[in-house]
Amino acid sequence: VQVVTLLNELFGMFDELTQRNGVYKVETIGDALMCVAGCPVPDDAVRNAVRAANMALDMVKAVEHFKPSLEGVRVQIRVGLHSGPVVAGVVGKKMPRFCLFGDTVNTASRM
């Protein structure tokens, strides 16, 4: 329960940053978060890169100032950026999700 509370605090903070930076949160898997700029609404590639980079920098700054409710916990973050083409679409009938596919996504997920 403590880990879930900690991750909820952290990801709640990141959710606010996605709004501020105009990026889309694709998914959270465990303690990982994947965001995308320029999707689902296409935009200029340079603006997408700037938004993604600003999101990454804001995440690092936010974690530096993060005060978790769990005493004695120190949070560190590792951020990776990757760009390239993706295939995107809604997948599923019972619980449809907006998904991204392709080598760009695979590389980004390993960063």
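Quick caveat: nothing in here was measured; it's all calculated off a predicted structure.
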S.K.: Please walk me through it: do D43 and R51 pass side chain to side chain contact (heavy atoms under 4.5 Å, CB included)?
M.R.: CA-CA 11 Å; D43 196 2; R51 287 199 321 265; 2.9 Å; yes
S.K.: Side chains of L100 and C39: closer than 4.5 Å at any heavy-atom pair?
M.R.: yes
S.K.: If you take all heavy atoms of F11 and A32, which pair is closest and at what distance?
M.R.: CZ-O, 4.1 Å
S.K.: How close do M55 and C35 get, counting heavy atoms only, and between which atoms?
M.R.: CE-SG, 4.1 Å
S.K.: Hey, are the side chains of L17 and V23 touching, using non-hydrogen atoms and a 4.5 Å cut-off?
M.R.: no
S.K.: Just wondering, do V36 and V86 contact through their side chains at under 4.5 Å, heavy atoms?
M.R.: no
S.K.: How about L7 and V3: do any of their side-chain heavy atoms sit closer than 4.5 Å?
M.R.: yes
S.K.: To the nearest 0.5 angstrom, please state how far the CE atom of M34 sits from the NZ atom of K25.
M.R.: 13.0 Å
S.K.: Shortest non-hydrogen contact from P85 to T104?
M.R.: O-OG1, 2.8 Å
S.K.: So among D58, L33, T28, which one has a side-chain contact (heavy atoms from CB on, under 4.5 Å) with F14?
M.R.: L33
S.K.: Distance check, rounded to the nearest 0.5 Å: M13 atom CE versus N8 atom CG?
M.R.: 11.5 Å
S.K.: Which value, rounded to the nearest 0.5 Å, describes the distance between L10 atom CG and T5 atom OG1?
M.R.: 12.5 Å
S.K.: Looking only at heavy atoms, which two atoms of V75 and V63 are closest? And how far apart?
M.R.: O-CG1, 3.5 Å
S.K.: Tell me whether Y24 is reachable from F101 by hopping between hydrophobic residues (I, L, V, M, F, W, Y) whose side-chain heavy atoms are closer than 4.5 Å.
M.R.: no
S.K.: Hey, could you give me each pair passing ring-ring contact (aromatic ring centres under 6.0 Å, His included) that has a residue in residues 65-85? Not counting sequence neighbours.
M.R.: none
S.K.: Is there a donor-acceptor pair under 3.5 Å between the side chain of E9 and the backbone N or O of S69?
M.R.: yes
S.K.: In the structure I gave you, are the side-chain heavy atoms of V91 and P96 within less than 4.5 Å of one another anywhere?
M.R.: no
S.K.: Is it true that V26 and I77 fall in one hydrophobic cluster, defined by side-chain heavy atoms closer than 4.5 Å?
M.R.: no
S.K.: Would V90 and C99 count as a side chain to side chain contact (heavy atoms under 4.5 Å, CB included) here? Give the steps.
M.R.: CA-CA 6 Å; V90 177; C99 297; over 6 Å; no
S.K.: Does any N or O in the side chain of R20 come within less than 3.5 Å of the main-chain N or O of E16, such that one atom is a donor and the other an acceptor?
M.R.: no
S.K.: Hey, mind stepping through R74 and Q76 against side chain to side chain contact (heavy atoms under 4.5 Å, CB included) and telling me if it holds?
M.R.: CA-CA 7 Å; R74 183 170 166 248; Q76 294 179 303; 3.3 Å; yes
S.K.: Answer yes or no: are there more than 12 heavy-atom neighbours, outside D15 itself, under 6.0 Å from its atom CG?
M.R.: yes
